[in-house]
Visitor: 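Can you read through this structure? Questions will come right after.
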Amino acid sequence: MSRKHQRLTLAVSLMTIITFLVAACGPQPAAQPTAPPAAEKKLEIFSWWTTGGEAAGLEKLYEIYRRQNPGVEIINATVAGGAGFQAKAVLKTRMLGNDPPDSFQVHMGHELIDTWVTTGYMEPLDDLFKSEGWDKVFPKGVLDIVSYDGHYWSVPVNIHRANVLWYNKKVFADNNLQPPTTFDEFFQVAEALKAKGITPLALGDTGIWASTHLFETVLIGTMGAEKYKGLWTGQTDWNGPEVKQALETMKKMLTYVNADHSSLSWDQANQLVIDGKAGMTIMGDWVDADNLAKGFKDSGWAPAPGNKGIYDALSDTFGLPKGAKHREQALAWLKLVGSKEGQEAFNPVKGSICARTDCNPALFGPYLQSAMQDWQRDTIVPSLAHGAAASEGWVTAINDVMTAFVTDGDVAKAQAGLAEACKTAKVCQ
Ligand code: GAL
């Protein structure tokens, strides 16, 4: 299958899932939005970008915004917690209480469409896409995923990759180790590190999403791209042998993680790798931004075990909620978020590649240059933990299964829970 075709297939299957789940999830329909008060010179942006690299990326956008819109006061409304595990609840309260921020971070795919678009909380952005010529600079697959019902609903600022194994090059060199490409190699490396008193795999799942994130890479590495995609359309059986195998592998991996994993965040886990206390972590490429912000130069990367040739993708986007108090300023923000200047300033420090196709690769570091090439040639699959593959309700159900699984390691119970979650999401019979 050609790459174009693969992207189209991904887009089409995502849209099919979206249609399927429209009725199933998300908050109740919005009340009629009240008319926004006369515009003040303010802009409130809501996100969960608080760690070093995340905040640095956001600040780059703010710098340009201030220059382009002098006199506008930016209200940086952040709620800490990786993957928005705390921010999303706050956002929901605000949106349902008719107190939306002017624009907010939301993942492309189900998180955007099921939670906020089909429920009537967002304004379409067709005029903006037209005036900015974005239909020509975003890939067709991306345009399809931010569309619903013939309209565009949010502006993608980046593409992140979830399935990366990050390792400390010095620790690996000192111990004559190579980054593992298979699960067997992973366990050999893990044993070698353990024998030296080094934590093999750093995990920070104070927000359980980090374990779900690890698990999605194990699912991909166990069953490959097509079967993994089938999990989200009902084509792949959650009761089947590959899911069982993935849970067994995950269980074994968890025996090699730091004992305090449930009290650490993803960036604190990465700090263990930076300090050489741990050898590896499996996390999204916001780790590249964390390393940059912390001045860590000894970082190595490889696809997570079994994930070579597969790009587990997600995208941060910004939209325009109905009733935004500073609509005009919000539109100027969205224009910046989708622009070449904005994306070229933001992404090199955020650890992501541009959603646009025309960014200058020379502005990016070595990891991101390699990611740009992989994005062009790999098979793209949607991330579970970051809103692309499944509705928020379904992701929450899987997170609940993971919460129990990381402590009790009960494979049969977890598999039954996962199968049930697919049924509840009305994707499986
Ligand atoms: C993801 C988000 C990234 C990054 C990460 C960790 O969900 O898309 O931009 O911030 O969470 O917080």
Side-chain angles (χ1 to χ4, degrees), residues 45-61 76-91 103-112 115 142 145-146 154-164 166 202-217 264-271 281-294 311-319 337 342-343 345-355 367-368 371 375 381-392 395-396 398-399:
I45 299 300
F46 185 93
S47 80
W48 60 86
W49 286 335
T50 59
T51 64
E54 294 174 327
L58 189 55
E59 188 51 38
K60 289 277 180 196
L61 288 173
N76 184 30
T78 50
V79 178
F85 85 98
Q86 311 209 87
K88 286 180 200 170
V90 175
L91 178 67
S103 186
F104 60 88
Q105 177 191 1
V106 59
H107 288 126
M108 180 168 83
H110 287 277
E111 191 178 306
L112 165 71
T115 308
V142 167
I145 302 171
V146 294
S154 73
V155 185
V157 68
N158 66 3
I159 303 290
H160 264 306
R161 181 176 189 169
N163 55 343
V164 187
W166 302 92
L203 175 66
D205 65 351
T206 186
I208 194 62
W209 68 271
S211 277
T212 302
H213 182 126
L214 175 61
F215 182 54
E216 83 183 55
T217 71
L264 299 190
S265 57
W266 68 268
D267 50 309
Q268 289 172 322
N270 186 45
Q271 188 64 47
T281 190
I282 292 177
M283 188 34 69
D285 47 13
W286 38 93
V287 163
D288 187 55
D290 199 45
N291 291 335
L292 188 68
K294 290 172 174 165
Y311 205 104
D312 182 17
L314 60 125
S315 167
D316 295 304
T317 76
F318 285 85
V337 159
Q343 299 208 357
F346 172 79
N347 287 300
V349 290
K350 179 60 176 69
S352 40
I353 61 172
C354 292
Y367 163 74
L368 288 173
W375 171 245
V381 301
S383 166
L384 159 64
H386 306 278
S391 66
E392 280 194 90
V395 178
T396 302
I398 294 176
N399 281 338

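One-based numbering along the sequence shown. Order of appearance sets the numbers: ligands from 1, and atoms from 1 within every ligand.
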Visitor: Taking the side chain as everything from C-beta on, heavy atoms only, tell me whether Asp267 gets closer than 4.5 Å to Lys294.
Guide: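 The answer is yes, as the side chains (C-beta and beyond) meet within the 4.5 Å cut-off.
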Visitor: I need the contact type for Leu314 against ligand 1. Using non-hydrogen atoms and a strict under-4.0 Å cut-off, is it side chain, backbone, both or neither?
Guide: side chain
Visitor: Using modelled atom types and a 3.5 Å cut-off, is there a donor and acceptor pairing between side-chain atoms of His213 and backbone atoms of Ala162?
Guide: yes
Visitor: Only heavy atoms of His160, strictly under 4.0 Å: list the atoms of ligand 1 that pass.
Guide: 3 (C), 9 (O)
Visitor: Would you mind listing which atoms of ligand 1 come within a distance below 4.0 Å of any non-hydrogen atom of His107?
Guide: 1 (C), 2 (C), 7 (O), 8 (O)
Visitor: Using side chain to side chain contact (heavy atoms under 4.5 Å, CB included) as the criterion, point out the one residue from Ile45, Val157, Thr317 that pairs with Val337.
Guide: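 Among Ile45, Val157, Thr317, the one that satisfies the side chain to side chain contact (heavy atoms under 4.5 Å, CB included) with Val337 is Val157.
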Visitor: Among protein heavy atoms, which sits nearest to atom 2 (C) of ligand 1, and what does the distance come to when rounded to 0.1 Å?
Guide: Asp316 OD1, 3.4 Å
Visitor: Determine whether Ser315 and Asn158 make a side-chain contact, defined as any pair of heavy atoms from C-beta on separated by less than 4.5 Å.
Guide: yes
Visitor: If we ignore hydrogens and angles and just use 3.5 Å, is the side chain of Gln105 paired with the main-chain N or O of Asp316 as donor and acceptor?
Guide: no
Visitor: Please verify the inter-ring angle class for Trp209 with Trp286; under 30° counts as parallel, over 60° as perpendicular, anything in between as tilted.
Guide: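 It falls in the tilted class, 30° to 60°.
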Visitor: Looking only at protein heavy atoms, which one is nearest to atom 1 (C) of ligand 1, and how far off is it?
Guide: His386 ND1, 3.3 Å
Visitor: Could you tell me, atom by atom, which parts of ligand 1 come under 4.0 Å of a heavy atom of Lys350?
Guide: 3 (C), 4 (C), 9 (O), 10 (O)
Visitor: Give the numbers and elements of all ligand 1 atoms closer than 4.0 Å to a heavy atom of Trp266.
Guide: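 In order of number, 6 (C), 12 (O).
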Visitor: Kindly indicate whether the side chain of Asn270, heavy atoms from C-beta on, has any atom under 4.5 Å from the side chain of Met283.
Guide: no
Visitor: Judging by distance only, is a nitrogen or oxygen of Ala83 under 3.5 angstrom from one on ligand 1?
Guide: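 Indeed, backbone or side chain, Ala83 has an N or O that close.
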Visitor: So if I count the atoms of ligand 1 from 1 in the order they appear, which ones are less than 4.0 Å from some heavy atom of Glu54?
Guide: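 Selected atoms, number and element: 4 (C), 5 (C), 6 (C), 10 (O), 12 (O).
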